[in-house]
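Some notes on the structure that comes next.
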Amino acid sequence: MLDKRYDFKEIEKGKVKKWKESGYFKAGDTSKLPFSMVIPPPNVTGVLHIGHAIDNTFQDIIARYKKAKGFDVLYLPGVDHAGIATQAKVDAKLKEEGTDRFKIGRENFLKEAFKWKEEKSDIIHSQWEKMGIMIDYSRERFTLDEGFQDAVYKVFKTLYDEGLIYRGERIVNYDPEMKTALSNIEIVYKEDKGHFYYFKYRFVDEPTKYLEIATTRPETMFGDTCIVVNPNDERYKDIIGKKVINPANNEVIPVIADEYVDIEFGTGAMKCTPAHDPNDFIIGQKYNLPHPIIMNVDGTMNENCGKYASMDRFVCREALLKDIKEHDDLIKIEEITHQVGHSERSDAVVEPILSKQWFVKMKPLADRVLENQKSENKVKFYPERFENVLTRWLSNIDDWCISRQLWWGHRIPVWYKNGSEEMVVSRTCPGKEDEWKQDEDVLDTWFSSALWPFATLGWPKETDDFKRYFPTSCLVTGYDIIFFWVSRMIFQSLHFTNNIPFKDVVIHGLVRDSLGRKMSKSLGNGVDPVAVIDKYGTDSLRYFLATTAAPGLDMRYSEEKVQAANAYLNKIWNSARFALMNLPNDYKFEEMDFASLNEVDKFIISRLNETILKVTNAMEKYEFGIACQILHSFVYDDFCDFYLEMCKVTLQNDSFNKKSTYYTLFKSLKSIILMIYPFAPFISEEIYLSLSEHKDSIMLESYPNSESNISFDESNVLFVKNVIEKIRSYKVDNSLAPNQKISLKIKTNKNISSLISYIERFTFASNIELTSEERHDLTSLVINDGIIYIDDNISKEEKLNKLNLQLENINKEIKRSEALLNNEKFLAKAKKEKVDEEKEKYQKYKEKKEILEEKIKNI
RNA sequence: GGAUGUUUAGCUCAGCUGGGAGAGCAUCGCCUUUACACGGCGGAGGUCAGAGGUUCGAGCCCUCUAACAUCCACCA
């Protein structure tokens with residue numbers, strides 16, 4: 001028997017261990033159809049946050065649902081080495097220990113990093129267990145494991161041979177703190193306060209005159225190679241071709257003309273720094289200008305900056321300003337707010353610097369995705385609109401900078417021959433060790449993540465898993481990594497497996513704090529899922545996440561809602577207790593013919609049947625919020641508030657068929673817990689195992705089916721329900737205690753003789769009589785299909801008032817109905833059922849009206 | 001500058017292909033009736049942002065407007 005209290009701590013204890021040991025999480029039953037999913041591998045940077053919780057909850061709901069639906073479900077776990085993020089953490093740890101990676105060397109650094117990975121993986125494992133997700137631990141992968149080494153090499157080599165990977169000099173964004181190049185999407189633009197500095201660039205032939213040039217980054221002036229004006233700019237027509245002096249280093253540079261310059265912006269004259277600005281770089285190439293690099297990758301000035309060399313870029317800026325001011329070449333400083341690129345990871349202001357990096361040529365790969373999205377075999381997005389996010393980005397994409405000046409990651413498999421231009425793609429040294437040197441850099445972490453859905457299944461080997469589970473069925477992730485990850489998986493998968501990586505992508509939003517702010521470390525407003533679990537239980541957290549998240553929309557964390565989830569589960573718990581208390585201990589479930597059931601049993605079975613159908617439909621569309629809503633309404637309104645209360649009568653009254661009620665209780669309860677199970681597996685398992693008849697685990701059960709052959713006329717039961725509700729509100733209206741005894745007569749053509757004991761119990765009525773005669777002496781409540789007479793000794797006047805009130809309401813309804821039915825277009829164009837329904841209502845209103853008028857007359 | 005999303009009860013939000021507005025919390029009244037006070041019963045509270053349009057019928061479809069949010073691209 002279940003405890004009185006829903007004690008989630010007690011219930012959730014030990015279940016995952018049991019599930020894991022029993023092998024229920026393991027995929028591989030080839031007698032079933034496969035359904036596969038990969039976990040978005042969390043970074044081994046730290047603990048999981050609420051964002052992971054929502055990901056994993058959605059996935060686990062799908063996994064458990066599909067398993068119950070009869071699929072061989074593979075839910076494959078793993079972790080991501082997360083190059084730059086993890087390296088930053090390990091760097092910080094080394095710094096704390098008073099050393100750094102350069103002191104200990106590459107090999108030792110990697111040892112440290114792997115140690116770090118092991119530690120963090122352990123934490124992640126324990127958190128997965130807390131979440132109760134049914135991942136197949138036997139298939140866990142890591143983006144740096146041996147299989148991945150094979151996959152990454154194969155991809156790099158192939159793309160290189162196809163000319164889709166190249167090495168080139170480009171302006172790339174540098175993170176001066178991490179000292180590595182970044183890809184475009186690793187830059188976060190923020191609105192920062194800055195300055196616009198106006199300088200005098202004096203003419204060589206006439207030093208009293210000057211051009212006014214503005215810049216936000218004076219330190220880059222050391223890299224200026226010319227001034228550019230628009231050829232159509234009347235102000236500057238005469239100075240094109242003249243020479244001016246760069247006030248930073250007194251170098252003489254020419255004024256050239258190019259239409260790129262916006263006449264309206266700033267002074268209309270722009271300094272050009274080809275090695276430190278992407279647009280300037282293009283101009284530089286066009287006019288074959290020199291492109292001096294004036295900064296080091298750590299953000300310090302280099303030897304091209306004279307006395308400013310080795311200064312930090314911002315220190316240099318101030319020093320340079322001071323000097324220029326002294327030479328009277330500073331005109332003014334304006335305060336501005338502008339968008340400044342920051343490194344996504346370190347938050348440092350990124351610095352565009354010309355350098356040699358490896359790139360993936362994106363256009364052919366992107367085009368293939370765009371082409372495929374027009375075909376039958378496209379990746380389906382839920383909600384659909386996120387497909388546009390993907391395609392728009394891919395339609396206008398830059399090449400992908402994949403080299404990172406880091407140590408933690410897949411090292412670029414390219415070897416350079418000393419003192420020559422020769423390079424070879426190879427995993428191992430292609431010749432004598434002292435003649436060849438491997439590229440120092442590693443690949444962008446997303447380069448390996450992009451292979452996740454197929455590399456985890458064994459690719460490039462044609463393994464059984466790969467053959468059986470690829471393409472995967474579904475991917476669940478947040479919209480924030482569509483570019484980083486989803487898109488890259490799709491193009492790599494199409495290119496290398498000729499197939500999409502997953503059929504469906506389910507996109508959810510971000511979890512924000514209770515004030516709607518993004519959770520961030522600096523705000524300290526993050527919600528720790530483990531803390532929530534400790535306080536309210538995994539099931540409550542899961543239910544909260546599943547029901548609060550509308551597809552693709554952000555949600556706010558709300559402790560109240562977690563509490564509400566907990567209260568709901570408590571309700572289910574107690575309804576189960578009630579059912580189990582009333583079922584015989586040795587109850588054996590046997591199917592029963594629907595026709596042989598008691599009336600209220602038929603009612604609830606029929607409602608249950610509808611609920612199963614609706615819930616299943618919602619589940620198939622990944623509409624978890626809707627599924628839960630439907631189930632919630634069934635559990636409360638139909639099952640608990642109505643049916644279980646009715647059972648209290650049924651089970652104590654020998655005139656009812658108890659077998660029917662046992663059957664109905666058992667079947668309803670079992671169906672409810674099976675439907676709530678994907679959302680709240682722990683409580684469901686606990687209740688399931690308390691059933692008098694059960695398997696070893698709810699994980700072995702099948703999802704309930706809705707039966708198509710059940711049809712039931714609810715009207716008798718609804719009439720009874722209506723009577724009970726009307727009497728209850730009558731009592732409140734008349735300040736009667738709920739348990740006040742009253743005497744009722746009911747006139748109806750409904751067949752409710754078998755249901756009278758229910759009315760008695762719930763209205764505290766004695767002497768309920770079914771009558772066929774009109775009673776004008778009693779208070780009358782005219783309801784659908786009948787009249788309730790209450791013997792309450794109130795005055796004639798009051799009786800009349802009550803009747804008039806009822807009449808007023810009916811007249812309103814009749815007016816509404818008539819308006820509709822007199823509208824010929826409605827009759828002609830609306831669906832037939834709709835019209836019939838309205839006509840039927842109209843008839844009932846008319847009947848009620850007649851009765852009421854008759855009564856008023858007779859009083 | 002381009003795109004997308006949001007605007008529904010006091011608060012936080014659902015509302016799936018158009019057919020008489022829902023939940024949770026809060027609130028008011030009554031009830032400790034042996035499943036549940038993490039409860040029950042009853043109630044109050046919404047011209048569904050605004051303006052047009054399509055339709056017999058619009059919270060839902062179309063157009064425009066406003067506010068807010070997010071993403072992308074950014075002029076030195």
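Chain identifiers are assigned alphabetically (A, B, ...) following the order of the sequence lines, protein sequences preceding nucleic acid strands; residue numbering begins at 1 within each chain. Values reported hereafter were calculated over all heavy atoms of this structure, with side chains retained and with hydrogens, waters and symmetry mates removed.
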Sugar-phosphate only, base, or nothing, as touched by A:Ser729 at under 4.0 Å among non-hydrogen atoms: sugar-phosphate
N/O donor-acceptor pair, side chain A:Tyr842 with base B:rG20, under 3.5 angstrom: no
Validation row: A:Leu289, A:Cys272 side chains within 4.5 angstrom (heavy atoms): yes
Per A:Lys825 side chain, nearest of listed nucleotides B:rC56, B:rC75, B:rU70: B:rC56
Comparing A:His632 and A:Phe265 on RNA chain B - which has the more 5′ nearest nucleotide: A:His632
Closest listed nucleotide, where the reference is the side chain of A:Asn570 and the choices are B:rA35, B:rA14, B:rC36: B:rC36
Sugar-phosphate only, base, or nothing, as touched by A:Arg512 at under 4.0 Å among non-hydrogen atoms: sugar-phosphate
Span that lies between the P atom of B:rC64 and that of B:rC74, in whole angstrom: 27 Å
Which nucleotide in B:rC38, B:rA35, B:rC71 has an atom nearest any side-chain atom of A:Asn566: B:rC38
A:Lys571, nearest nucleotide to its side chain (from B:rC36, B:rU4, B:rG20): B:rC36
Watson-Crick/G-U partner (both atom distances under 3.5 Å) of B:rU63: B:rA51
Flag, side chain of A:His276 to backbone of A:Ile294, donor-acceptor distance under 3.5 Å: yes
Sugar-phosphate, base or nothing in reach of A:Tyr201, heavy atoms under 4.0 Å: nothing
Distance between C1' atoms of B:rA51 and B:rU4 (Å, rounded): 23 Å
Expected output: side-chain A:Lys726 to main-chain A:Ile783 donor-acceptor under 3.5 Å: no
Check: A:Glu838 side chain, B:rG57 base, donor-acceptor under 3.5 Å: no
Sugar-phosphate, base or nothing in reach of A:Cys272, heavy atoms under 4.0 Å: nothing
Pair of N/O donor and acceptor under 3.5 Å linking B:rG20 base with A:Arg816 side chain: yes
Touch class at under 4.0 angstrom, heavy-atom based, for A:Asn279 against every strand present: sugar-phosphate
Minimum-distance nucleotide to A:Ala550 side chain [options: B:rA14, B:rC38, B:rC41]: B:rA14
Donor/acceptor link under 3.5 angstrom from A:Glu623 side chain onto base of B:rA14: no
Pairwise C1' distance, B:rC60 and B:rG18 [rounded to whole Å]: 6 Å
Sugar-phosphate, base or nothing in reach of A:Tyr636, heavy atoms under 4.0 Å: sugar-phosphate
Residue matched to B:rU27 through Watson-Crick or wobble contacts both under 3.5 angstrom: B:rG43
Short side-chain N/O contact from A:Asn396 to OP1 or OP2 of B:rC72, under 4.0 Å: no
Ring geometry between A:Phe624 and A:Phe679 (parallel below 30°, tilted from 30 to 60°, perpendicular above 60°): perpendicular
Given B:rC30, B:rC41, B:rG20, the nucleotide with the shortest approach to the side chain of A:Asp641: B:rC41
Sugar-phosphate, base or nothing in reach of A:Lys731, heavy atoms under 4.0 Å: nothing
Sugar-phosphate only, base, or nothing, as touched by A:Val389 at under 4.0 Å among non-hydrogen atoms: nothing
Touch class at under 4.0 angstrom, heavy-atom based, for A:Thr216 against every strand present: sugar-phosphate
Sugar-phosphate only, base, or nothing, as touched by A:Ala564 at under 4.0 Å among non-hydrogen atoms: sugar-phosphate
Sugar-phosphate only, base, or nothing, as touched by A:Asn823 at under 4.0 Å among non-hydrogen atoms: sugar-phosphate
Polar contact flag, side-chain donor to acceptor under 3.5 angstrom, A:Lys561-A:Thr547: no
Sugar-phosphate, base or nothing in reach of A:Glu560, heavy atoms under 4.0 Å: sugar-phosphate
Between B:rG24 and B:rU32 - C1' atom distance, rounded Å: 25 Å
Gap in Å between the two C1' atoms, one belonging to B:rC25 and one to B:rG19, rounded: 31 Å
Ring-ring centroid check A:Tyr557 A:Phe544, cutoff 6.0 Å: yes
Phosphate OP1/OP2 of B:rC56: any A:Lys831 side-chain N/O under 4.0 Å: no
Candidates B:rG15, B:rG5, B:rA76 - which lies nearest the side chain of A:Thr215: B:rA76
Minimal non-hydrogen separation, A:Asn722 against A:Asn784, with atom names: ND2-N, 4.2 Å
Stacking check A:Phe826 vs B:rC56 (5.5 Å / 30 deg): no
Proximity of A:Tyr198 and A:Phe196 rings by center, below 6.0 Å: yes
Paired nucleotide for B:rC68 [Watson-Crick or G-U wobble; both distances under 3.5 Å]: B:rG5
Side-chain donor-acceptor contact under 3.5 Å, A:Tyr568 with A:Asp539: no
Candidate nucleotides B:rG19, B:rU4, B:rA76, ranked by approach to the side chain of A:Val261 - the nearest: B:rA76
Comparing A:Glu824 and A:Ile626 on RNA chain B - which has the more 5′ nearest nucleotide: A:Ile626
Any A:Arg392 side-chain N or O less than 4.0 Å from OP1/OP2 of B:rU4: no
Sugar-phosphate only, base, or nothing, as touched by A:Glu559 at under 4.0 Å among non-hydrogen atoms: nothing
Minimum-distance nucleotide (side-chain atoms of A:Lys841 versus B:rG20, B:rC38, B:rG5): B:rG20
Selected nucleotide, minimal atom distance to A:Arg5 side chain, candidates B:rC41, B:rC38, B:rG19: B:rC38
Mate of B:rG20 where both pairing distances stay under 3.5 Å, Watson-Crick or G-U: none
Touch class at under 4.0 angstrom, heavy-atom based, for A:Asn388 against every strand present: nothing
Between B:rG40 (P) and A:Glu725 (CD): distance, integer Å: 15 Å
